[in-house]
Amino acid sequence: MLDRRFVTDNINLVAENCRLRGASVDVGKFAELDLLRRKLQLDIDRLNQEAGRVSKSIGKVSEDEREPLKREGRRLREEASVLQAKQAEVLEESDKILRSIPNLTHSEAPHGGEDDAAEVRRGTSPIPSFAFNPRDHVELGENLKLFDFEAGSRVAGHGFYFLTNDGVLLELALQKYAIDLLMQEGFTIMTTPDVARDSILEGTGFMPRGPETQIYSISNSDLSLIATAEITLGGAMSEKVFNSDELPVKLCGISHCFRTEAGAHGRATRGLYRVHQFTKVEMFTFTAPDQSDAMHQQLLELECKIFDGLGIPYRVVDTATGDLGGPAYRKYDLEAWMPGRGEAGEWGEVTSTSNCTDYQARRLAIRFRNPNEKGTQFVHTLNGTAVAISRAIVAILENYQQEDGSVKVPEALVSWMGKTTMTVSHG
RNA sequence: GGACGGGUGGCAGAGCGGUUGAAUGCACCGGUCUUGAAAACCGGCAGACGUGAAAGCGUCUCGUGGGUUCAAAUCCCACCCCGUCCGCCA
C-alpha cells in the first residue's frame with residue numbers, strides 16, 4: 001500500500017505508474033474521496049472537541065444543573081456519529097482503491113510485459129550440450145523413481161505428488177545446502193507456519209478468497225495456506241518498531257508453499273514445474289530505506305551464488321513494469337536453463353528477488369526508530385528465493401542427465417546425498 | 001476442549017466511571033555539579049491522523065471490534081492473544 005497522502009499529492013505520477021504497470025485504477029476518484037475524508041475529519045474533530053468540553057464541565061457542576069448540559073452533549077455526539085459513519089463509508093471506498101494501487105517503480109526497470117524483461121547477466125555454468133537427445137525431468141524422474149504423480153493425484157488431485165527415494169534426499173540436500181550458505185551470510189534460519197491469517201496475507205500483498213485467488217483458504221476460519229514464506233516472514237514482524245541499529249534484519253525461512261494456479265491450465269504444467277505444493281527456502285530482509293537497493297543486489301548475488309554453486313546455467317532478467325505485480329518496486333528473476341523444455345530447451349524461472357520498499361511495511365506496520373529523532377519510519381522489505389525445491393529439481397535433472405538416463409549429483413550436494421549419481425538401480 | 005487469571009507507554013507497574021494520554025520506578029536524551037566519570041539534582045521522553053510557513057493547536061489510540069453513558073483504561077458483550085491447572089495428543 002502506498003501512503004495516502006503521497007497519492008493525493010502526486011496524482012499524475014501515480015496514475016502514470018499504474019498505466020506502466022497495467023493496473024487500471026481510478027486515482028482521481030481516490031483523491032476526491034480522500035479529500036472528502038479529510039474534510040469530514042475536520043468537522044468530526046470540532047464536534048468531538050466541543051462534546052469533550054461539555055462532558056468535562058458536567059463533572060464540575062451540581063446535580064441539578066446537569067440535565068441541560070447532558071442534552072447538549074448527547075446532541076453533539078449524535079451529530080458526530082452521523083459524520084463518522086459517513087466518513088467510514090468514504091474511507092472504505094477509498095481504501096479499496098488505495099489497496100489496488102501498485103507500488104512505485106524503480107526508474108531503471110524495463111517497460112512492458114512479460115516478454116520485455118531485460119537480461120542483465122548469465123551464471124558461470126555453461127549451457128550443456130548433449131551428444132544425445134536430452135529427456136525432460138518427468139521422464140528422467142519417473143525412470144529413477146524420484147516422484148510419484150499418480151499417487152499424488154489419487155490422494156490430493158492433479159498437481160500434487162509424492163517425492164520418493166532419491167527425490168526425497170534431493171529435497172533435503174537442497175534445503176541443507178541453502179541454509180548452510182545463508183547461515184554463513186548472517187541469516188537467522190527458521191521454519192514457519194504453513195498457514196497465516198488473511199490479514200497477514202493481505203498485508204504482504206496477497207489476496208485470499210477472491211474469485212481469482214491463487215490462495216487456498218481454510219473454511220470457517222480466517223486462515224489460508226501460504227503461497228510463500230514471504231508471507232509468514234514478513235508477518236512475523238508486523239507491528240514491530242525496530243531500532244535503526246538493529247537493521248538490517250535477515251531471515252531465512254523454510255516452508256511449504258501452496259498455490260491453486262487458477263487459470264494456469266496448459267501453461268507448462270507438465271511435471272514438477274507448476275505444482276500446487278512445494279517446499280521453498282526463502283530469504284526475507286528488513287532494511288532502512290537507504291539500504292534497500294544495496295540489499296536487493298546482495299540478495300541477487302546470493303541467488304546467483306546458490307545456482308552457480310549447483311552448477312546450473314541460468315540468466316538473470318530485470319522484470320518489466322507490467323509483470324511486477326503489486327508490491328515489488330523492482331524484481332529480478334533467475335531463469336535456469338532447462339534442456340527438456342520446449343523444442344530444444346528453454347529458460348524457466350527458478351527464483352526471484354523483489355525490493356518491495358515500504359509497500360508491505362506500511363500495511364504490516366513495520367517501522368524503525370532513529371534514536372534522537374522524533375517519530376518512526378517504515379522499513380523496506382525485500383524477499384528472494386534461495387531454493388524453490390521443485391523447480392531446482394527440474395533444473396538439476398535436466399542439466400545433469402546422462403545418456404543412460406542416470407543423473408549426476410551436483411558436486412555441492414554429494415555429501416548430503418551420500419552418492420555421486422542417481423541411477424535406476426536404486427531400491 | 002474445560003476452569004481460572006491476565007493483556008496499560010521502550011520495559012516494569014499503578015489506576016477500576018469525571019480536568020488520566022495516563023501515577024511511580026527503570027531505561028534513554030539534554031542540563032547543573034565534576035579534572036573526567038559515577039552519584040545527586042533539574043528538565044525532556046508514545047504513536048497515528050488532521051491543521052499550520054513554523055512554534056503550536058486539535059482529534060484518535062490503555063489487545064481488537066461492538067455496546068451502555070453527557071463522559072469509559074475503568075461497566076457490559078463478542079473475538080484475538082498470553083499465563084496456570086485439568087483433559088486429549090505427535
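Reminder, nothing fancy here: chain letters follow the sequence lines and each chain counts from 1.
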Before accepting this row, confirm whether a basic side-chain N of the pair [X]/[Y] lies closer than 4.0 Å to the acidic partner's carboxylate O.
X: A/Asp95; Y: A/Arg4; value: yes
X: A/Arg74; Y: A/Glu67; value: yes
X: A/Glu202; Y: A/Arg99; value: no
X: A/Arg75; Y: A/Glu79; value: yes
X: A/Glu50; Y: A/Arg46; value: no

When you check the phosphate oxygens OP1 and OP2 of [N], does a side-chain N or O of [X] lie under 4.0 Å from one of them?
X: A/Arg77; N: B/rC70; value: no
X: A/Arg53; N: B/rU19; value: no
X: A/Arg38; N: B/rU51; value: yes

ask   = Has A/Arg391 got its NZ or CZ under 6.0 Å from the middle of the six-membered ring of A/Tyr273, at an angle within 45 degrees of the ring axis?
value = yes
Taking [atom1] from [X] and [atom2] from [N], how many angstroms apart are they, rounded to a whole number?
X: A/Leu69; N: B/rC70; atom1: CG; atom2: C1'; answer: 8 Å
X: A/Phe378; N: B/rA48; atom1: CZ; atom2: P; answer: 8 Å
X: A/Leu47; N: B/rG50; atom1: CG; atom2: P; answer: 19 Å
X: A/Asp9; N: B/rU51; atom1: CG; atom2: P; answer: 10 Å
X: A/Ile44; N: B/rU51; atom1: CD1; atom2: C1'; answer: 15 Å
X: A/Glu239; N: B/rC82; atom1: CD; atom2: P; answer: 15 Å
X: A/Lys56; N: B/rG21; atom1: NZ; atom2: C1'; answer: 10 Å
X: A/Glu67; N: B/rA71; atom1: CD; atom2: C1'; answer: 14 Å

Looking only at the side chain of [X] (C-beta and beyond, no hydrogens), which of the listed nucleotides [options] gets closest?
X: A/Ile58; options: B/rC70, B/rU19, B/rG50; result: B/rC70
X: A/Ser55; options: B/rG47, B/rU59, B/rG18; result: B/rG18
X: A/Asn48; options: B/rU51, B/rC49, B/rC60; result: B/rC60
X: A/Arg197; options: B/rC80, B/rG18, B/rC70; result: B/rC80
X: A/Arg5; options: B/rU59, B/rU51, B/rA71; result: B/rU51
X: A/Lys70; options: B/rC70, B/rG47, B/rG58; result: B/rC70

task = Assign each of A/Arg367 and A/Leu42 to its nearest nucleotide of RNA chain B by heavy atoms, then name whichever residue's nucleotide is nearer the 5' end.
result = A/Arg367
ask   = Pick the nucleotide of RNA chain B nearest each of A/Gln49 and A/Asp34; which residue has the one closer to the 5' end?
value = A/Asp34
Donor-acceptor list for residues 322-331 of chain A side chains, cut-off 3.5 Å, not counting sequence neighbours:
{"from": "A/Arg330", "atom 1": "NE", "to": "A/Asp318", "atom 2": "OD1", "distance (Å)": "3.4"}
{"from": "A/Arg330", "atom 1": "NE", "to": "A/Asp318", "atom 2": "OD2", "distance (Å)": "3.4"}
{"from": "A/Arg330", "atom 1": "NH1", "to": "A/Tyr332", "atom 2": "OH", "distance (Å)": "3.1"}
{"from": "A/Arg330", "atom 1": "NH2", "to": "A/Asp318", "atom 2": "OD2", "distance (Å)": "2.7"}

inquiry  = Does A/Glu150 have more than 12 heavy atoms from other residues, nucleotides or ligands lying within 6.0 Å of its CD?
reply    = no
Whole-angstrom distance between [N] and [M], as gauged at atom [atom1]:
N: B/rG5; M: B/rU24; atom1: P; answer: 31 Å
N: B/rA22; M: B/rA46; atom1: C1'; answer: 11 Å
N: B/rA90; M: B/rC80; atom1: P; answer: 26 Å
N: B/rC33; M: B/rC16; atom1: C1'; answer: 44 Å
N: B/rG18; M: B/rC11; atom1: C1'; answer: 30 Å
N: B/rU64; M: B/rC82; atom1: C1'; answer: 15 Å
N: B/rC41; M: B/rA27; atom1: P; answer: 13 Å
N: B/rU74; M: B/rG7; atom1: C1'; answer: 15 Å

request  = Map every base of RNA chain B to its dot-bracket character, where paired means a Watson-Crick or G-U wobble contact with both distances under 3.5 Å and | marks a partner outside the strand.
outcome  = ((((((((.[[[..)..(.....]]].(((((.......))))).((((((....)))))).[[[[[..)....]]]]])))))))....
message = What's A/Arg37 touching, base or sugar-phosphate or nothing? Going by heavy atoms closer than 4.0 Å.
response = sugar-phosphate
ask   = Is there a donor-acceptor pair closer than 3.5 Å between any side-chain N or O of A/Thr192 and the backbone N or O of A/Ala229?
value = no
query = Under 3.5 Å, is there an N or O donor on one side and an acceptor on the other linking the side chain of A/Arg66 and the base of B/rG18?
reply = yes
